[in-house]
Amino acid sequence: MRQPGVLSRLADRLRRWRDGLIADPGFQARATAFPLTRGIANRQGAALYDLVAGFVYSQVLLACVELDLFRRLRAGPLDAQTLARGTPLDAERMARLAQAAAALDLMRVRPGGRYGLGPLGAALLGAPGVEEMVRHHPMFYRDLADPLALFTAPRDSTEIARFWSYVGERGVGHEDAAAYSRLMAASQAMVAAETLAVHPMRDVSVLMDVGGGEGAFLSAALRATPGLRGIVFDLPPVVARARAAMDLAGLSDRTRVAGGSFLEDPLPDGADAVSLVRVLYDHDTPSVRRILAACLAALPPGGRLILSEPMSGGDHPTRAGDAYFGLYTAAMTSGQPRSAETHIALLREAGFSEARLLSARQPFITRVIVARRPAR
Ligand SMILES: C[S@@+](CC[C@H](N)C(=O)[O-])C[C@H]1O[C@@H](n2cnc3c(N)ncnc32)[C@H](O)[C@@H]1O
């Protein structure tokens with residue numbers, strides 16, 4: 001390991017001194033009392049409070065979603081008594097929930113003791129995938145109840161691992177495939193919008209979406225790109241669903257569907273671009289190497305790989321990539337979020353060239369890397 005230089009050691013000492021000050025309750029009291037430092041002290045205090053209370057805030061959101069309150073407020077503000085109708089809550093408890101939701105910008109207090117939609121409640125109505133994730137989270141929270149156990153959980157021993165059944169050895173049945181594929185399809189719209197905005201498929205003839213689920217990403221690409229044709233590759237119980245979904249979307253004449261395992265079977269040929277959307281972070285590095293090798297073998301010289309998934313921020317950790325997906329994949333007992341640099345190194349090692357990270361509009365939804373199979 002490289003030894004840190006003089007400047008970096010000096011910076012470390014300064015940070016230790018600063019951290020020591022901040023950790024001193026006497027200093028905190030003085031900083032809050034002194035007008036010039038009060039703003040910083042309050043911001044830090046509020047941020048720490050939010051971390052301590054984060055789970056409570058999430059449960060306020062879950063309660064609102066389970067009672068379908070945002071949809072009921074769409075037509076206009078309601079008082080707590082009306083909002084409580086048809087729910088197990090009385091008016092007083094409903095007012096308490098609505099006050100909590102208003103504090104979190106999910107609702108707004110309106111004149112006359114009524115509650116209306118807040119900016120985040122309205123945003124949730126416009127992003128059905130977020131609502132599905134909120135409904136899915138109780139399972140994740142049960143695994144998270146003991147976070148230390150989560151980090152040491154044996155493979156396939158958690159509730160989340162059983163939900164993503166391809167993580168284990170039992171194989172994927174039709175029911176498991178239906179449950180996780182529905183969740184993925186519901187949250188795909190946001191990922192597809194971001195991916196196709198930063199990487200339109202204009203100059204692609206045939207796109208193969210590997211681990212493509214019910215074909216939601218491919219459908220979005222086909223709709224956005226006249227003349228594009230596609231292949232969905234996934235496990236057999238999942239592609240049965242993809243076939244039905246593509247039929248329903250009226251896209252089956254532009255789509256081929258192929259079933260198999262990207263860890264064991266060769267991928268179909270005929271595509272000049274391959275996409276891997278929210279696939280690699282599910283898998284440990286030896287499997288990622290196999291998946292990339294299979295993608296390279298399926299592409300013609302000059303063919304393109306488009307990799308889209310939430311990524312670790314590396315030296316600049318991100319809430320979505322490192323905090324959320326770091327723990328989510330721990331609960332899966334398989335995979336991990338990787339930084340763009342790690343992905344690019346794995347792509348080069350697999351034989352891809354020109355790998356580069358594209359600039360993102362909404363990096364907390366997904367990040368996109370493009371690479372090519374060398375022309376010769
Ligand atoms: C997290 S989901 C992502 C689905 C889709 N790409 C999306 O973003 O909505 C991962 C997908 O990889 C598929 N998958 C997992 N293991 C696989 C394997 N060995 N071979 C083929 N597909 C696999 C799953 O069935 C699932 O559809």
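Atoms within a ligand are numbered from 1 in the order they appear, just like the ligands themselves.
Atom numbering of ligand 1 starts at 1 in the shown order; those under 4.0 Å from a heavy atom of V238 are 25 (O). Atoms of ligand 1 found under 4.0 Å from any heavy atom of G213 (numbered from 1 in listed order, with element): 27 (O).
By the 3.5 Å distance cut-off applied to N or O atoms, V277 is counted among the residues near ligand 1. The N/O atoms of F262, backbone and side chain alike, include one that comes under 3.5 Å of an N/O atom in ligand 1. Of the N or O atoms in Q188, one or more lie within a sub-3.5 Å distance of an N or O in ligand 1. For ligand 1, none of its N or O atoms has an N or O atom of G212 under 3.5 Å away. For a threshold of 3.5 Å applied to N or O pairs, the pair formed by R278 and ligand 1 contains at least one separation below that value. Considering backbone and side-chain atoms alike, Y180 places an N or O below 3.5 Å from some N or O of ligand 1.
Considering each of T195, V172, D234, the one bringing a non-hydrogen atom nearest atom 27 (O) of ligand 1 is D234.
In this structure, V191 has no heavy atom closer than 4.0 Å to ligand 1. Not a single heavy atom of A177 sits less than 4.0 Å from an atom of ligand 1.
By the salt bridge (charged side-chain N to carboxylate O under 4.0 Å, His left out) test, R229 pairs with no residue at all, sequence neighbours left out. Remark: Y324 engages H137, F140, Y328 in a ring-ring contact (aromatic ring centres under 6.0 Å, His included) (not counting sequence neighbours).
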